[in-house]
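Here it is, the structure in full.
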Amino acid sequence: MARTSKYSIQSTPTRRRDEWRAGLYIRLSKEDGDKPESESVSSQKALLEKFVSENPSLNFYDFYIDDGWSGTDFERPAFGRMIGDVTGGKINCVIVKDLSRFGRNYVEAGKYLETVFPLFGVRFIAVNDAIDSVSAPQSMNNVLVPFKNIINDEYCRDISVKVRTSLDIRRKQGKFIGSFAAYGYRKDENDKNKLVIDECAAATVRMIFAKFLSGYSVIGIARLLNGKGIPNPSAYRKAQNSARVGDGLWCDSTVRRILVNEVYIGNLVQKKNETISYKIHVSRPVGKEKRIRVENTHEAIVSREDFYKVGELLKRDTRTSPHADRLSLFSGFLKCADCGRAMQKRTVTQPNKIYDYYVCSTYKKFHGGFCTKHTLRADDLEEAVLSFLNKYISLAVDFDRLETATRKAEAAGVRLKSFEKELKQKQREVEKTRTVLLDLYPDYKSGILNKEQYFSLKDRYENLLSQAESAVKQAEKNLDDCKNGRRAGSEFIENFKKHRGLESLSREIICELIENINVREGGVLEIKLKFSDSLLAAEKFFGGVIKSDKDGATA
């Protein structure tokens, strides 16, 4: 069976010498940027025109110029037009300055030189390489042509490696190398690799973070921005460049990208995408672990504290009804203690009043088949949580007062001596336990201990040694904190005491102080605070002066 070709082949009679209709192909790209003027479009044009004028058998038909196109890619506009004229019978001769101008992909170049052009009876001439498929057919039929194509291909590969390496070095230096600055920033006029704040757009970024922390949903923020007529990032950039602007509307994905972008806390995370290879100009995403991240490269627009709060909130299940812009106060924090699913908020309308309540989503979905109601009124929940937080705020204030008194004691060296004494005691316990462990094996070998006794005692004292070593590390930390003015539990104290006199709840306060709230049947709450480890350390540090629940409490 005859083999078909994707090219339409026309019958081509033997040509006379004056029938060569020549297409002059010229290519220049950034990969040739380090070459002198000899590679420029104008110089190639002059060389090819001179060559045609000196050969009467060649009749000029047209120029085909690809300026700024890589030789590894044969999907070039002028090259495509030239091949169209070849298959259409408009030209039957292709002339280039040298093989590298034709292309730098040796597989594709070989396909055209060895298959396509002979198929259509096209004469190929590379002036500087002394290649002519008609007047000197031996120049095409020797090993030098594919070898030169391989060299040209290798040149591109080498350039690609060098460029990638150079870009990575600049990224690791904290230099911005993107085409466009992130929304809220612009490139410094004196240093294009540095970002500076664009105050007009930065105000919108700050509003997005503030609204999200105050309880707006992502889609609610998009609606708010569109209602205010604020153009989205792409429309804003086009307007800055006096380009035509489209509808300029915000969508939820654009808002979400801003909320998770570290650029707004002064960090650069670059190399998020990379081309597959120098021959395949298609980008693919780079894994987070391989991206290049440099901190504090430019001025931040939002605080790190707010950025990480937003990050935590985005991980929670925070759904809203289709037309609601704001999230409920406890959205993403409230779960059923038995099935672990989120509690759903419902509204009940009665003749004299309207009230909200929460119910287990599993119960609601399966009509009680797998879980119970766990019903809880919203106002009761708010009152209980507010009372609970105020209890621990008062505790933080008390700890703060104790800390002040402790500092005075430490001024006299009392606390420091206490920690030094504690450390020495723990170190002695470690040494004593190690000695016992070392003595066990000789006792076993001498028959004082049998095998069962030996391994039982060995496991026991190894556990005691591990506990003693941990106690030494904690004692060392306490002593170091004391010497350097640091306090155990300071994270809990600082984050809670600033809310002294709390009268009402906000979503931002819940996000800052509460890890999660579990609801048991009968309206019993299990509230887990953030900074619970810091709270435990504070209690231990201050000698248990004030007793409190450690992992949360029942409200």
Side-chain angles (χ1 to χ4, degrees), residues 27-40 66-73 75-76 100-101 103-107 149-198 201-202 205 233-234 237 240-241 257-304 307-308 311:
R27 184 189 64 80
L28 184 71
S29 75
K30 291 180 179 179
E31 70 196 22
D32 309 300
D34 59 337
K35 296 293 186 69
E37 175 64 19
S38 61
E39 296 290 8
S40 70
D66 281 318
D67 192 358
W69 290 83
S70 171
T72 60
D73 185 359
E75 297 295 324
R76 312 172 216 142
S100 69
R101 299 305 93 207
R104 291 186 181 274
N105 184 324
Y106 79 94
V107 174
N149 283 333
I150 290 174
I151 294 298
N152 290 331
D153 193 313
E154 177 62 19
Y155 173 82
C156 262
R157 187 201 66 80
D158 184 56
I159 289 294
S160 175
V161 170
K162 289 178 179 177
V163 168
R164 289 191 186 203
T165 302
S166 174
L167 290 177
D168 282 352
I169 289 173
R170 294 169 70 190
R171 290 184 181 112
K172 289 175 182 177
Q173 292 173 339
K175 295 183 178 180
F176 178 75
I177 59 170
S179 300
F180 302 102
Y183 181 72
Y185 290 96
R186 56 182 173 79
K187 292 183 180 181
D188 190 335
E189 294 179 358
N190 300 317
D191 183 358
K192 298 299 181 183
N193 298 125
K194 184 178 180 180
L195 297 179
V196 294
I197 292 179
D198 177 355
V205 172
S234 60
R237 184 172 64 245
Q240 296 296 104
N241 297 322
R257 278 197 299 271
I258 288 175
L259 290 171
V260 300
N261 196 341
E262 285 190 56
V263 73
Y264 298 114
I265 55 173
N267 298 346
L268 276 182
V269 181
Q270 300 186 96
K271 201 178 182 180
K272 295 181 180 179
N273 296 282
E274 65 179 0
T275 54
I276 294 176
S277 80
Y278 68 99
K279 291 184 180 181
I280 305 173
H281 302 287
V282 176
S283 294
R284 62 183 173 191
V286 176
K288 289 185 178 180
E289 69 284 354
K290 293 184 178 179
R291 295 175 184 175
I292 297 175
R293 181 175 178 275
V294 183
E295 294 189 358
N296 302 317
T297 59
H298 54 274
E299 186 179 354
I301 291 178
V302 298
S303 70
R304 289 177 178 269
F307 181 81
Y308 292 124

Gap separating the CZ atom of Arg237 from the CG atom of Asp198, nearest 0.5 angstrom: 12.5 Å

Asp168: salt bridge (Lys or Arg N to Asp or Glu O under 4.0 Å) partners, not counting sequence neighbours: Arg171, Lys271

May I ask you to test the His298-Val263 pair for a side-chain heavy-atom distance under 4.5 Å? yes

Go through the structure and list residues passing salt bridge (Lys or Arg N to Asp or Glu O under 4.0 Å) with Arg76, not counting sequence neighbours. none

For the residue pair Lys272 and Val269, what are the closest heavy atoms and their distance? CE-O, 3.3 Å

Tell me the closest heavy-atom pair linking Arg186 and Ala181, and the distance in Å. CA-CB, 3.7 Å

Once ring-ring contact (aromatic ring centres under 6.0 Å, His included) is applied, do any residues pair with Tyr264, and if so which ones, sequence neighbours excluded? none

Nearest heavy atoms of Thr297 and Asn267, plus distance in Å: OG1-C, 4.2 Å

Would you say CD of Gln173 has more than 12 non-hydrogen atoms from neighbouring residues, nucleotides or ligands within 6.0 angstrom? yes

Taking only residues two or more places apart in sequence, or in another chain, which ones meet Glu295 in a salt bridge (Lys or Arg N to Asp or Glu O under 4.0 Å)? Arg293

So, the side chain of Tyr185 versus the backbone of Glu299: is there a donor-acceptor pair under 3.5 Å, distance only? yes

Atom of Ala202, atom of Ile197 and distance for their closest heavy-atom approach: CB-CG2, 3.6 Å

Sequence neighbours left out, what passes salt bridge (Lys or Arg N to Asp or Glu O under 4.0 Å) with Arg291? Give chain and number order. none

Are Arg170 and Gln270 close enough that some pair of their side-chain heavy atoms sits under 4.5 Å apart? no

Any side-chain heavy atom of Leu268 sitting closer than 4.5 Å to one from Phe176? yes

Could you give the distance from CG (Leu28) to CZ (Arg101), rounded to the nearest 0.5 Å? 6.5 Å

Non-hydrogen side-chain atoms of Glu262 and Phe307 separated by less than 4.5 Å: yes

How long is the gap from CD1 on Ile177 to CD1 on Ile292, to the nearest 0.5 Å? 7.5 Å

By side chain to side chain contact (heavy atoms under 4.5 Å, CB included), Lys192 pairs with (sequence neighbours left out) Lys187

